[in-house]
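What follows is a set of notes on a single structure, which appears directly below.
Just so you know, these numbers use all the heavy atoms, side chains as well, and skip hydrogens, waters and symmetry mates. None of these values were measured; they are calculated from a predicted model.
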Amino acid sequence: MPLLVMKFGGTSVADLGRIKNAALKVKREVERGYDVIVIVSAMSGKTNELVGWVEQTSPLFDAREYDAVVSSGENVTAGLMALTLQEMDIPARSWQGWQVPIQTTSAHSAARFVDIPRENIDAKFAEGFKVAVVAGFQGVSPEGRITTLGRGGSDTTAVAFAAAFGAERCDIYTDVDGVYTTDPRITSKARKLEKIAFEEMLELASLGAKVLQTRSVELAMRYKVRLRVLSSFEDTDENSGTLVCDEDEIMESKAVSGVAYSRDEAKMTLVKVQDRPGIAAAIFGPLAEAGVNVDMIVQNISELADGGAYTDMTFSCPTNQVMRAQKAMEDARASGAVNYSDLVVDTDVAKISVVGIGMRSHAGVAATMFKALAAENINIKVITTSEIKISVLVDRKYMELAVQALHDAFQLEKA
Ligand code: ASP
Ligand code: MG
């Protein structure tokens with residue numbers, strides 16, 4: 001039997017009516033001849049509520065009990081989905097993570113998959129079950145305790161099952177109808193993409209396009225799982241939504257596929273740092289230890305002053321990590337590991353990125369980007385590039401304008 005994985009997010013199972021609507025979509029695939037593994041999230045808002053209950057009960061909670069509590073939201077929807085399918089005369093049953101068993105590491109609240117043995121579910125399909133409804137987001141540790149995968153983890157459960165069972169495709173049903181060239185709230189010209197390459201999706205996901213958990217895209221890329229993002233609130237068919245796939249499946253590739261932004265970016269500059277071997281390690285080592293996620297890094301050319309060589313070191317990190325970064329740098333200065341004259345913090349910036357695998361073969365992308373920003377009189381504060389991405393930091397007040405200008409400049413409204 002060909003097999004499909006269908007994942008329904010929290011808003012798609014928010015109440016009994018929506019669960020029924022989702023079940024109808026499963027029924028249609030069963031009627032087409034598929035065996036289906038359905039992965040469900042908790043009803044929307046449920047996981048937040050459970051997390052709140054844990055924190056109120058025990059501020060320094062035991063992570064094992066946190067997982068025991070927050071994993072329960074998915075157990076409810078898995079059971080309800082199985083019942084709904086049974087009411088439609090479809091042979092279905094629910095599976096909690098430990099019953100499969102979904103084996104994970106013991107890193108509670110941030111567990112990773114170790115193995116998903118197929119035997120138990122395969123045996124049920126062989127008995128005539130058509131649907132296995134699996135609770136997303138959870139697993140079991142080697143110690144036999146319930147684990148969870150980190151927020152948004154059901155996407156990753158879905159991809160892992162698609163890989164383990166060799167599914168034809170992994171359909172992620174959600175409250176948007178696909179992946180867009182940029183956020184449609186910023187420009188009405190944003191266009192839904194028919195296809196997007198894993199690598200592009202990975203860049204967009206980590207840049208804050210919150211459609212898919214980043215880890216699920218990493219996993220899909222590694223195991224070449226064809227992933228489709230589509231709406232559970234619309235009538236959908238095999239052409240709906242956006243297919244996230246290997247770049248070989250994408251015929252035309254424009255230089256740029258999408259424009260992403262991140263509002264929560266801060267820029268920090270260490271002024272007049274001694275320029276000597278080991279200085280970057282002396283700065284970024286303590287930042288890493290402090291758990292600061294440094295993104296962009298720029299080191300100025302060295303200048304000679306006061307009989308030594310000095311440089312400025314600029315980096316960006318999420319706004320909510322600025323205090324931690326400041327403390328790490330002040331401690332490093334106090335211990336003598338790093339010298340600098342000043343630490344300048346700018347929390348009023350945004351990061352804008354253009355992403356596209358086509359950049360590898362198209363020249364002039366950076367020039368087009370910078371010209372478009374110049375035409376709007378937007379000053380660029382920091383630039384970084386990778387093989388398929390160019391990012392700039394600009395004043396936050398220009399964020400929307402910059403996204404719109406770049407969307408126009410790369411003609412993303414056109415297919
Ligand atoms: N229910 C979990 C969360 O809200 C997992 C998920 O929905 O993907 O994070
Ligand atoms: Mg989600």
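Using a cutoff of 4.0 Å between basic side-chain nitrogens and carboxylate oxygens, Asp155 and Arg215 are not scored as salt-bridged. For Asp295 and Lys351, the salt-bridge test passes: some basic side-chain N is under 4.0 Å from an acidic carboxylate O. Under a 4.0 Å N-O distance rule, the pair Glu238/Arg32 qualifies as a salt bridge. Contact check on Arg93 versus Glu127 returns no salt bridge, with no Lys/Arg side-chain nitrogen under 4.0 Å from an Asp/Glu carboxylate oxygen. Classification of Arg191 and Glu413 as a salt-bridged pair fails, no side-chain N sitting under 4.0 Å from a carboxylate O.
The minimum heavy-atom distance linking Ala63 with His108 is given by the pair CB-CB, 3.6 Å. Residues Gly150 and Gln213 share a closest heavy-atom pair of O-NE2, 3.8 Å. Nearest heavy-atom pair across Ala78 and Ser94 is O-CB, 3.7 Å. Closest heavy-atom contact between Ala160 and Ile116: CB-CD1, 3.7 Å. Considering every non-hydrogen atom in both Thr47 and Ala42, the closest pair reads OG1-CB, 3.5 Å. Contact record, Arg333 with Tyr340: NH1-O, 2.7 Å, taken as the closest heavy-atom pair.
In this structure, Lys192 and Asp177 have side chains that are in contact, with non-hydrogen atoms separated by less than 4.5 Å. Residues Gln299 and Asp275 have side chains in contact (heavy-atom distance under 4.5 Å, counting atoms from C-beta outward). A 4.5 Å side-chain heavy-atom check between Ile37 and Phe125 finds at least one atom pair inside the cut-off. Residues Ile390 and Met359 form a side-chain contact, since some pair of their non-hydrogen atoms from C-beta on lies under 4.5 Å apart. For the pair Asp35 and Phe129, the minimum side-chain heavy-atom distance is 4.5 Å or more. Residues Gln404 and Lys189 form no side-chain contact, since every pair of their non-hydrogen atoms from C-beta on lies 4.5 Å or further apart. At a threshold of 4.5 Å between non-hydrogen side-chain atoms, the residues Ser231 and Ser240 do not count as touching. Side-chain atoms of Tyr180 and Val211, non-hydrogen and from C-beta on, never get closer than 4.5 Å to each other.
More than 12 heavy-atom neighbours from other residues, nucleotides or ligands sit within 6.0 angstrom of CD on Glu49. The 12-atom threshold is not exceeded at CE of Met323, counting heavy atoms of other residues, nucleotides or ligands nearer than 6.0 Å.
Put simply, the side chain of Arg324 gets close to the backbone of Ala290: a donor and an acceptor are under 3.5 Å apart. Put simply, the side chain of Arg64 never gets that close to the backbone of Thr147: no donor and acceptor are under 3.5 Å apart. Judged by distance alone, with hydrogens and angles left aside, the side-chain atoms of Thr319 form a donor-acceptor pair with the main-chain N or O of Asp264 at under 3.5 Å. Remark: side-chain polar atoms of His407 are not paired, donor with acceptor, to backbone N or O of Val403 under 3.5 angstrom. Between the side chain of Gln86 and the backbone N or O of Ala92 there is at least one donor-acceptor pair closer than 3.5 Å. Without hydrogens or angle criteria, Thr77 side chain to Val40 main chain gives no donor-acceptor distance under 3.5 Å. Asp15 places a side-chain N or O within donor-acceptor distance of the main-chain N or O of Arg18, the cut-off being under 3.5 Å. Looking at Asp346, its side chain does come within 3.5 Å of a backbone N or O of Asp348 through a donor-acceptor pair.
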Taking only distance into account, with no hydrogens and no angle test, what donor-acceptor pairs under 3.5 Å do side-chain atoms of residues 133-140 form with protein atoms, sequence neighbours excluded?
unit_1: Gln138; atom_1: OE1; unit_2: Gly97; atom_2: N; d: 2.8
unit_1: Gln138; atom_1: NE2; unit_2: Ser71; atom_2: O; d: 3.2
unit_1: Gln138; atom_1: NE2; unit_2: Asn75; atom_2: OD1; d: 2.9

With side chain to side chain contact (heavy atoms under 4.5 Å, CB included) as the criterion, how do Thr157 and Leu149 come out once you've worked through the C-alpha distance, each side chain's angles and the decisive distance to 0.1 Å?
CA-CA 8 Å; Thr157 305; Leu149 305 171; 3.3 Å; yes
Using the side chain to side chain donor-acceptor pair (under 3.5 Å) rule, take Tyr66 and Glu55 through it: C-alpha gap first, then chi angles, then the decisive distance, then the call.
CA-CA 9 Å; Tyr66 168 97; Glu55 288 171 347; over 6 Å; no
Criterion salt bridge (Lys or Arg N to Asp or Glu O under 4.0 Å) on Asp171 and Lys25, from CA distance to verdict:
CA-CA 11 Å; Asp171 285 345; Lys25 290 188 181 287; over 6 Å; no
Start with the C-alpha gap between Glu74 and Lys46, add the side-chain angles, then the distance that decides, and say whether salt bridge (Lys or Arg N to Asp or Glu O under 4.0 Å) holds.
CA-CA 9 Å; Glu74 274 72 10; Lys46 195 66 204 172; over 6 Å; no
Worked verdict on Glu29 versus Lys130 for salt bridge (Lys or Arg N to Asp or Glu O under 4.0 Å)
CA-CA 10 Å; Glu29 301 296 359; Lys130 298 307 292 174; over 6 Å; no
Please step through side chain to side chain contact (heavy atoms under 4.5 Å, CB included) for the pair Asn120 and Val100, ending with a clear verdict.
CA-CA 6 Å; Asn120 291 339; Val100 174; 5.9 Å; no
Run the salt bridge (Lys or Arg N to Asp or Glu O under 4.0 Å) check on Glu199 and Arg360 step by step: do they pass?
CA-CA 12 Å; Glu199 278 180 276; Arg360 295 197 196 111; 2.8 Å; yes
Verdict with reasoning, Ser141 to Glu143, per side chain to side chain donor-acceptor pair (under 3.5 Å)
CA-CA 5 Å; Ser141 73; Glu143 294 78 30; 3.2 Å; yes
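No donor-acceptor contact under 3.5 angstrom links the side chains of Asn239 and Arg228, judged on distance only. Counted by atom type alone, Glu200 and Ser257 present one or more donor-acceptor pairs between their side chains at under 3.5 Å. When only modelled atom types and interatomic distance are considered, Asp312 and Thr269 share no side-chain donor-acceptor pair under 3.5 Å. For the residue pair Ser232/Ser12, the side-chain donor-acceptor check at 3.5 Å is satisfied.
How far OG1 of Thr182 is from CG of Leu412: 8.0 Å, rounded to the nearest 0.5 Å. Atoms CD and OG1, on Gln411 and Thr181 in that order, are 12.5 Å from each other to the nearest 0.5 Å. The distance from atom CD1 of Ile146 to atom CG of Asp67, rounded to the nearest 0.5 Å, is 8.5 Å. For the atom pair CD of Glu400 and CD1 of Ile186, the computed distance is 5.0 Å after rounding to the nearest 0.5 Å.
In this structure Gln96 satisfies the side chain to side chain donor-acceptor pair (under 3.5 Å) test together with Trp98, sequence neighbours excluded.
Results of the side chain to side chain contact (heavy atoms under 4.5 Å, CB included) test with Leu204 over Val244, Val355, Val217 single out Val355 as the only residue that passes. Only one option out of Arg169, Arg226, Lys224 pairs with Glu249 in a salt bridge (Lys or Arg N to Asp or Glu O under 4.0 Å); it is Arg226. Among Ser316, Ser391, Cys317, the single residue meeting the side chain to side chain contact (heavy atoms under 4.5 Å, CB included) criterion with Glu265 is Ser316. Each of Val26, Leu80, Val30 was compared with Leu85 under the side chain to side chain contact (heavy atoms under 4.5 Å, CB included) criterion, and only Val26 meets it.
In this pair, Phe284 and Phe315 present their aromatic rings perpendicular. The plane angle is above 60°, beyond the 30 to 60° band.
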